[in-house]
There are 2 protein chains.
Amino acid sequence: MPSRPAAARKRPPAPDLPAEPTQAGRFEQARRVQSMALLEDYAELIADLHATGGEARPTDIARRLGVTHATAIKAITRLKREGLATARPYRGVFLTEEGERLAARVKARHLLVVEVLTAIGVPPDAAEQDAEGIEHHVSDITLQAFARFLKERK
Amino acid sequence: MPSRPAAARKRPPAPDLPAEPTQAGRFEQARRVQSMALLEDYAELIADLHATGGEARPTDIARRLGVTHATAIKAITRLKREGLATARPYRGVFLTEEGERLAARVKARHLLVVEVLTAIGVPPDAAEQDAEGIEHHVSDITLQAFARFLKERK
DNA sequence: AAAAAAGTGTAGCCTAGGCATCATATTCAT
DNA sequence: ATGAATATGATGCCTAGGCTACACTTTTTT
Ligand SMILES: [Mn+2]
Ligand SMILES: [Mn+2]
Ligand SMILES: [Mn+2]
Ligand SMILES: [Mn+2]
């Protein structure tokens with residue numbers, strides 16, 4: 001059994017280090033944000049399906065998301081549980097007021113993220129791809145900075 | 001039972017719409033990327049703990065991530081399974097060569113993302129917070145664009 | 001050297017989000 | 001109008017990633 005240097009163990013509450021307000025807090029927040037990502041994508045997609053003259057049936061949604069309809073139905077169940085959507089069998093899924101608000105916010109954010117990425121020089125396809133994941137982690141403050149950035153650089 | 005207009009159902013393969021190469025493909029890729037996020041954060045963190053003169057024991061890792069040690073241990077089990085780390089009880093966790101490579105890539109990406117966000121005008125705290133989630137979705141192509149952007153704007 | 005403290009690991013429980021499969025319901029085409 | 005095709009929803013199974021609780025080991029302190 002190797003001996004372990006006691007010095008390594010002695011680590012007081014990091015008095016001088018770069019402050020580090022709380023790395024743990026950042027990770028926790030990132031996990032909270034991530035837990036909303038799926039709902040956001042569904043809301044955005046359902047609104048889009050309605051907007052482009054169609055219905056948002058589970059099968060439509062599933063196809064657009066690249067999942068099975070069973071998976072989509074379970075997610076829709078969660079949307080309903082969270083008060084974001086309602087559904088009428090064979091008639092499709094409908095966003096509640098709150099769901100519509102979420103969808104609108106998410107869509108605007110998505111567009112802005114793509115705009116910023118392309119403005120920075122990211123090729124359109126990569127921008128669209130990466131935005132699909134990035135969007136969910138862009139806070140309101142960051143979003144405002146994005147808007148300012150686009151306005152100023154015009 | 002309300003009648004449903006047959007027209008709504010008639011939706012040919014979207015002949016004129018904005019091309020839309022495959023939204024499903026983008027979502028699938030986003031899900032793949034997300035499944036790596038946890039491993040990336042652990043690898044980055046373990047490397048950081050080692051670099052800053054410490055050990056990377058499950059408890060250290062757990063505290064920094066804001067999870068219980070049991071959760072950390074399960075993630076470490078996955079890291080080992082994926083060939084990214086080894087562990088010696090009461091001695092801590094160690095990255096394999098592959099783990100080190102991953103950690104280095106992830107750290108560089110993290111820094112670059114924060115740099116770009118702040119360059120755009122995002123306040124430091126928000127940049128650090130949002131980067132924790134955004135980083136995992138930044139592809140190599142986007143990363144290159146980020147690097148160019150920073151170089152040119154200097 | 002014994003006691004206390006800290007760390008580790010295991011087990012059991014939970015939810016989210018995937019999947020395939022099956023039974024049923026609806027819609028469409030003949 | 002009826003048979004085929006399609007959509008729906010339920011079930012069961014899986015993995016990831018959280019948690020608490022408990023048992024055990026190691027380290028530190030007295
Ligand atoms: Mn998305
Ligand atoms: Mn989106
Ligand atoms: Mn991260
Ligand atoms: Mn990071």
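Only heavy atoms go into these numbers, but all of them, side chains included; no hydrogens, no water, no symmetry mates. We name chains A, B, ... by the order of the sequence lines, and we start the count at 1 in each one.
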Given D:dT6, is OP1 or OP2 found less than 4.0 Å from the side-chain N or O atoms of A:Thr59?
no

Just how far, in rounded Å, is P of C:dT8 from NE2 of B:His69?
8 Å

Look at the side-chain N and O atoms of A:Arg91 and state whether any lies under 4.0 Å from the OP1 or OP2 oxygen of C:dA25.
no

In whole Å, what is the span from the CE atom of A:Met36 to the P atom of C:dA16?
13 Å

Using the ring-ring contact (aromatic ring centres under 6.0 Å, His included) rule, collect all pairs that involve residues 65-84 of chain A, keeping only residues at least two apart or in two chains.
none

Residue mapping more 5' on DNA chain C - nearest nucleotide basis, A:Thr71 or B:Ala87
B:Ala87

Nearest-Å distance for atom pair CD/P, residues A:Gln34 and D:dG17
11 Å

On DNA chain D, more 5' by nearest nucleotide between A:Arg31 and A:Pro89 is A:Pro89

Going by side chain to side chain contact (heavy atoms under 4.5 Å, CB included), name the residues that satisfy it together with A:Lys74, two or more places apart in sequence or in a different chain.
none

Between the side chains of A:Glu82 and A:Arg78, is the shortest nitrogen-to-carboxylate-oxygen separation below 4.0 Å, so that they form an ion pair?
yes

To the nearest Å, how far apart are B:His136 NE2 and D:dG17 P?
12 Å

Return the nearest nucleotide to the side chain of A:Thr68; candidates are D:dC19, D:dA10, C:dC19.
C:dC19

What residues in residues 72-83 of chain B put a non-hydrogen atom under 4.0 Å from any atom of DNA chain D?
B:Lys74, B:Arg78, B:Arg81

Nearest-Å distance for atom pair CD1/P, residues A:Ile61 and D:dA7
13 Å

Which pairs with one or both residues in residues 36-66 of chain A pass ring-ring contact (aromatic ring centres under 6.0 Å, His included), sequence neighbours excluded?
A:His50-A:Phe94

Crowded around A:Leu38 CG? As in, over 12 foreign heavy atoms under 6.0 Å?
yes

Which of these nucleotides, D:dT8, D:dG18, D:dT26, is closest to any side-chain atom of B:Tyr90?
D:dT26

Gap between atoms CG and C1', on A:Leu38 and C:dG18 respectively (whole Å)
11 Å

Please determine, for the side chain of A:Ala70, which listed nucleotide (C:dG18, D:dT8, C:dC19) has the closest atom?
C:dC19

Nucleotide D:dT27, atom C1' - distance to CD of B:Glu55 in whole Å
12 Å

Counterpart residues, salt bridge (Lys or Arg N to Asp or Glu O under 4.0 Å), relative to B:Arg153 (two or more places apart):
none

To the nearest angstrom, how far is B:Leu65 atom CG from D:dC19 atom P?
10 Å

Which hydrophobic side chains are connected to A:Phe149, either touching it within the sub-4.5 Å cutoff or through other members that do?
A:Leu112, A:Val113, A:Val116, A:Leu117, A:Ile120, A:Val122, A:Ile134, A:Val138, A:Leu143, A:Phe146, A:Leu150, B:Leu112, B:Val113, B:Val116, B:Leu117, B:Ile120, B:Val122, B:Ile134, B:Val138, B:Leu143, B:Phe146, B:Phe149, B:Leu150

